[in-house]
Peer 1: 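Input: one structure, supplied below.
For ligands, and for the atoms within them, numbers begin at 1 and follow the listed sequence. Treat the numbers as computed from the prediction; the structure is a model and nothing was measured.
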Amino acid sequence: MKKYWLLIWAVVVATSGCLKGQDDPVFPSPDLTIPEDESITLQSALPFPIGAAVNNNLIRTRAPYRDVVIKELNSLTAENAMKFSQLHPAENTYTWTEADFLVEFARQNNKRVHGHTLIWYKNPPSWALNYQGDAAAWDRLLKNHVQTVVNHFKGKVVSWDVVNEAIAENGTLRDCIWLQKLGPEYISKSFIYAHEADPNALLFYNDYGHEYGPTKRNGILKLVNDLKAQGVPIHGIGLQMHTRYNMSNNNIADAINTAAATGLKVHIAEVEISMNPDNIQDLTYSAGLAAQQKAKYEFLVRTYNAIPKNQQFGITTWNVGDSDSWIRGEYNRPDWPLPFDDNYHRKAAYQGILDGVK
Ligand code: XIL
């Protein structure tokens with residue numbers, strides 16, 4: 001009889017991994033957390049705004065996630081809720097519920113909201129992709145979308161990524177529906193329309209890859225400098241900074257400093273530091289990796305903190321903790337790219353961010 005119970009116990013233990021809930025992390029990190037000093041938070045320690053891309057479902061359902069967002073951050077970006085497809089799924093339909101939820105959560109908790117994103121090659125819904133009309137009709141479509149959205153959030157969303165990822169890897173304008181239908185002016189038009197709808201909103205051009213090297217970066221800088229020279233209302237440049245632990249410090253510094261040299265506000269808008277850029281399926285997070293990640297976050301923050309204060313719009317991480325990072329799903333690999341671990345405890349990377357302003 002005793003043996004029988006032992007067997008049942010053994011089976012339960014052995015299979016408990018299969019009984020995990022769907023919210024459980026797929027790639028749990030080992031406990032590499034740092035001691036939590038309750039008197040310190042990112043938002044109180046940093047001399048510029050600190051934020052994250054957030055997901056409404058996690059705010060609603062995952063208490064430790066919501067608690068970290070409320071406690072640590074003072075700026076929020078909607079991970080998806082303000083994109084074209086989400087807000088404007090049919091020509092005459094706007095769906096505000098999710099984005100409004102986030103804006104109200106931010107208001108209640110005294111957080112700034114950065115709007116992301118009005119025009120992005122990846123996100124037009126099928127009705128827009130299939131839209132039939134001449135250039136004037138496409139211009140109206142663009143204007144209606146931009147102005148309806150900016151107007152809806154006027155006074156609640158302080159800033160917008162007006163155009164996202166318009167430059168290709170070779171530094172030229174990326175082919176997309178907007179370029180095909182409206183020509184290169186789709187970019188300046190988007191800024192002008194957004195500015196008409198909310199003259200107080202800070203308007204950003206947002207892209208990734210500034211730290212890859214000069215080819216793409218020069219294309220981005222030329223675009224924003226041309227917009228400035230034409231008198232287009234552009235106030236900031238967003239460096240997504242989806243980067244990796246082995247990206248060179250020189251490249252990161254060049255990305256930040258050349259952006260600052262435009263004179264525009266600089267937003268590190270979507271940062272994460274991937275620890276598994278080579279997609280190693282059985283990689284595990286280790287103290288050694290954690291230390292490298294800490295050093296990279298520290299360097300990034302130190303460099304950013306050195307640009308002129310009035311250009312520091314803030315730093316935003318893309319997602320909050322490792323278990324909600326889009327990287328795991330996007331690349332189907334274990335990764336630990338954020339300052340909080342799977343359970344929303346502070347990692348060494350968190351300390352690196354704090355050390356970057358010391
Ligand atoms: C990503 C979201 O994180 C995913 O949930 C979604 O499926 C695709 O978009 N650059 C951007 C962000 O500007 O909008 C992207 O967000 C990540 C890359």
Peer 1: If we count only N and O atoms by modelled type, under 3.5 Å, do the side chains of N319 and E272 hold a donor and an acceptor together?
Peer 2: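 No - no donor-acceptor pair under 3.5 Å links their side chains.
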Peer 1: Quick one, E196 with Q147, criterion side-chain hydrogen bond (donor to acceptor under 3.5 Å, both in side chains). Give me CA distance, side-chain angles, the key distance, then yes/no.
Peer 2: CA-CA 8 Å; E196 279 173 13; Q147 298 204 326; 2.9 Å; yes
Peer 1: Check the angle between the aromatic planes of Y94 and W96 and answer parallel, tilted or perpendicular using the 30° and 60° thresholds.
Peer 2: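 Parallel: the ring planes of Y94 and W96 meet at under 30°.
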Peer 1: When you measure from the centre of the six-membered ring of F299, is the NZ or CZ of R302 closer than 6.0 Å and no more than 45° off the axis?
Peer 2: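 Pair R302/F299 does not count as cation-pi.
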Peer 1: For ligand 1, is there an N or O atom under 3.5 Å from any N or O atom of W318?
Peer 2: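 Yes: some nitrogen or oxygen of W318 is under 3.5 Å from one in ligand 1.
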Peer 1: Would you please name every residue forming a side-chain hydrogen bond (donor to acceptor under 3.5 Å, both in side chains) with K83, sequence neighbours left out?
Peer 2: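 Scan of K83 (side-chain hydrogen bond (donor to acceptor under 3.5 Å, both in side chains), adjacent residues dropped) gives N80.
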Peer 1: Near H242, which atoms of ligand 1 are under 4.0 Å from a heavy atom of that residue?
Peer 2: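 What qualifies from ligand 1 is 10 (N), 18 (C).
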Peer 1: Do K216 and Y208 form a cation-pi contact, if we require the NZ or CZ to be under 6.0 Å from the six-membered ring centre and within 45 degrees of the ring's axis?
Peer 2: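 Yes; both conditions hold, so K216 lies above the ring face of Y208.
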Peer 1: Check each of F204, W160, W318 against H116 using the ring pair (Phe, Tyr, Trp, His ring centres under 6.0 Å) test, and report the only one that passes.
Peer 2: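 With H116 as partner, F204, W160, W318 yield a single ring pair (Phe, Tyr, Trp, His ring centres under 6.0 Å), made by W318.
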Peer 1: Distance to 0.1 Å, residue and atom name: give those for the protein heavy atom nearest to atom 6 (C) of ligand 1.
Peer 2: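 So the nearest neighbour among protein heavy atoms is N80 OD1, 3.4 Å.
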Peer 1: At under 4.0 Å between heavy atoms, is it the side chain or the backbone of E165 that contacts ligand 1, or both, or neither?
Peer 2: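 Contact part for E165 vs ligand 1: side chain (C-beta onward).
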Peer 1: Has ligand 1 got any nitrogen or oxygen that is less than 3.5 angstrom from a nitrogen or oxygen of N206?
Peer 2: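 Looking only at distances, the answer is no, because the N/O contact criterion of under 3.5 Å is not met.
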Peer 1: Got the closest protein heavy atom to atom 1 (C) of ligand 1, with its distance?
Peer 2: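 Heavy-atom neighbour on the protein nearest atom 1 (C) of ligand 1: K83 NZ, 3.6 Å.
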Peer 1: Which atoms of ligand 1 have any heavy atom of H116 under 4.0 Å away?
Peer 2: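 Near H116, meaning under 4.0 Å from one of its heavy atoms, ligand 1 has 11 (C), 12 (C), 13 (O), 14 (O).
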Peer 1: Any atoms of ligand 1 less than 4.0 Å from a non-hydrogen atom of N164? List them with their elements.
Peer 2: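 That gives atoms 11 (C), 13 (O) of ligand 1.
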Peer 1: So does I50 get a backbone contact from the side chain of N74, meaning a donor-acceptor N/O pair under 3.5 Å?
Peer 2: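 Yes; at least one donor-acceptor contact below 3.5 Å.
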Peer 1: Looking only at protein heavy atoms, which one is nearest to atom 10 (N) of ligand 1, and what is the separation?
Peer 2: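 Heavy-atom neighbour on the protein nearest atom 10 (N) of ligand 1: E270 OE1, 3.0 Å.
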Peer 1: Heavy atom under 4.0 Å from ligand 1: found in Q240's side chain, backbone, both, or neither?
Peer 2: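 Side chain only; the backbone of Q240 stays clear of ligand 1.
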Peer 1: Which bit of D161 gets closer than 4.0 Å to ligand 1, counting heavy atoms only: side chain, backbone, both or neither?
Peer 2: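 Looking at D161 and ligand 1, no heavy atom falls under 4.0 Å.
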Peer 1: Counting non-hydrogen protein atoms only, what is the nearest one to atom 3 (O) of ligand 1? Give residue, atom name and distance.
Peer 2: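 Looking only at protein heavy atoms, the one closest to atom 3 (O) of ligand 1 is E79 OE2, 2.5 Å.
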